[in-house]
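Everything below concerns the one structure shown next.
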Amino acid sequence: MKIATWNINGIRARIETAVAWVREAQPDIVCLQEIKTVDEGFPAVAFEDLGYNVATHGQKGFNGVALLSKLPFDEVNRGLPGDDGDEQSRFIEGVFSVPSGALRVVSLYLPNGNPIGTEKFAYKLAWMERLRTWAAARLLIEEPLVLGGDYNVILEPRDAKDPSLWTGDALFQPESRQALRAIEALGFTDALRATTDAGGLYTFWDYQAGAWQKDNGIRIDHVLLSPRATDHLVSVGIDKHVRAWEKPSDHVPVFVELSL
DNA sequence: ATGGTGGATATTCCA
């Protein structure tokens, strides 16, 4: 079972790139972020033609998440619980049947939070606390749970080419890093760190200032695994080569192989 | 050096 996450930065502008990658990578489930369209604007047919079921939680202009799955959806839940007044589309959960039982997969787009000291940073931290509360409850079910997404958090200095560039940025603030650590501390495994201690592994390179050419990247797209999912972890990968394609997203896909 | 790039949308916001 191959499960991937990818911030696509606009699915309508990126549909040809997305289809090319899906054809190449052959994932079973894909978590997409920043689809930047309402549900009706999502080009579902392009993926259905490749054998995928599609579930979206869109929004006009910004944000928006989606799930693609070769397995049928048993259940879909849209929106992160904990704030009925939050209208930003950043969370979708799919439930699937696997031989051992149920598999839950979330596509999440954590708030950027810049600039710090504003309501945007407060919203980021509040959203992370809501995620922690939700995840703690989900872990009680003791099922394989995969949280794939753009976390907008650089956990450690080794997750940035030049950490000094991110001083004062919401992605590298101590509060942001601590909040993600608190979620991991519930019992989740950062899939990539389960397989390597290496630095220099990035998932995002800014469009500006030749960041890709200089390999000035950061690792902010993560796959977190519940204990029951970690039990089945086979491998982790970053499809870095996709960043060099024409009309790329500024993020690349991250994927896990699970023996489910 | 206060720029640089890109998407969606509307002539600016967000990242």
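The figures that follow rest on heavy atoms only: side chains count, while hydrogens, waters and symmetry mates do not. Proteins get letters first, then strands, A, B, ... in listed order; numbering begins at 1 in each.
dG7(B) and dT2(B): their C1' atoms are spaced 23 Å apart (whole Å). Straight-line distance between the P atoms of dT9(B) and dC13(B): roughly 16 Å, to the nearest whole Å. Taking the P atom of each, dA1(B) and dT11(B) are spaced 34 Å apart, rounded to whole Å. As rounded to the nearest Å, dC14(B) and dA10(B) have C1' atoms that lie 14 Å from one another.
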Atom pairs and distances, donor-acceptor, side-chain atoms in residues 36-50 of chain A, under 3.5 Å, two or more places apart:
unit_1	atom_1	unit_2	atom_2	d
Lys36(A)	NZ	Asn9(A)	OD1	2.8
Asp39(A)	OD1	Thr56(A)	OG1	2.9
Asp39(A)	OD1	Gly58(A)	N	2.6

May I have the list of side-chain donor-acceptor pairs in residues 236-245 of chain A shorter than 3.5 Å, sequence neighbours left out?
unit_1	atom_1	unit_2	atom_2	d
Asp239(A)	OD2	Trp21(A)	NE1	2.7
His241(A)	NE2	Glu24(A)	OE2	2.7
Arg243(A)	NE	Trp205(A)	O	3.3
Arg243(A)	NH2	Trp205(A)	O	2.8
Arg243(A)	NH2	Asp206(A)	O	3.4

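Every residue meeting the side chain to side chain contact (heavy atoms under 4.5 Å, CB included) condition with Ser235(A), not counting sequence neighbours, appears here in chain and number order: Glu257(A). With sequence neighbours excluded, the residues that form a salt bridge (charged side-chain N to carboxylate O under 4.0 Å, His left out) with Arg130(A) are Asp86(A). Applying the side chain to side chain contact (heavy atoms under 4.5 Å, CB included) test to Ser89(A) and every residue at least two apart in sequence or in another chain returns His57(A), Gln59(A). The side chain to side chain donor-acceptor pair (under 3.5 Å) test applied to Glu129(A) returns Arg132(A), not counting sequence neighbours. Looking at residues two or more places apart in sequence or on another chain, you find no salt bridge (charged side-chain N to carboxylate O under 4.0 Å, His left out) involving Arg90(A).
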Nucleotide-resolved protein contact map, nucleotides 4-15 of chain B, B/S/- at heavy-atom distance under 4.0 Å: BBSBSS---BSS
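Listed by residue number, there are no residues of residues 165-176 of chain A with a heavy-atom contact under 4.0 Å to DNA chain B.
By the 4.0 Å N-to-carboxylate-O rule, Arg219(A) lies close enough to Asp190(A) to be salt-bridged with it.
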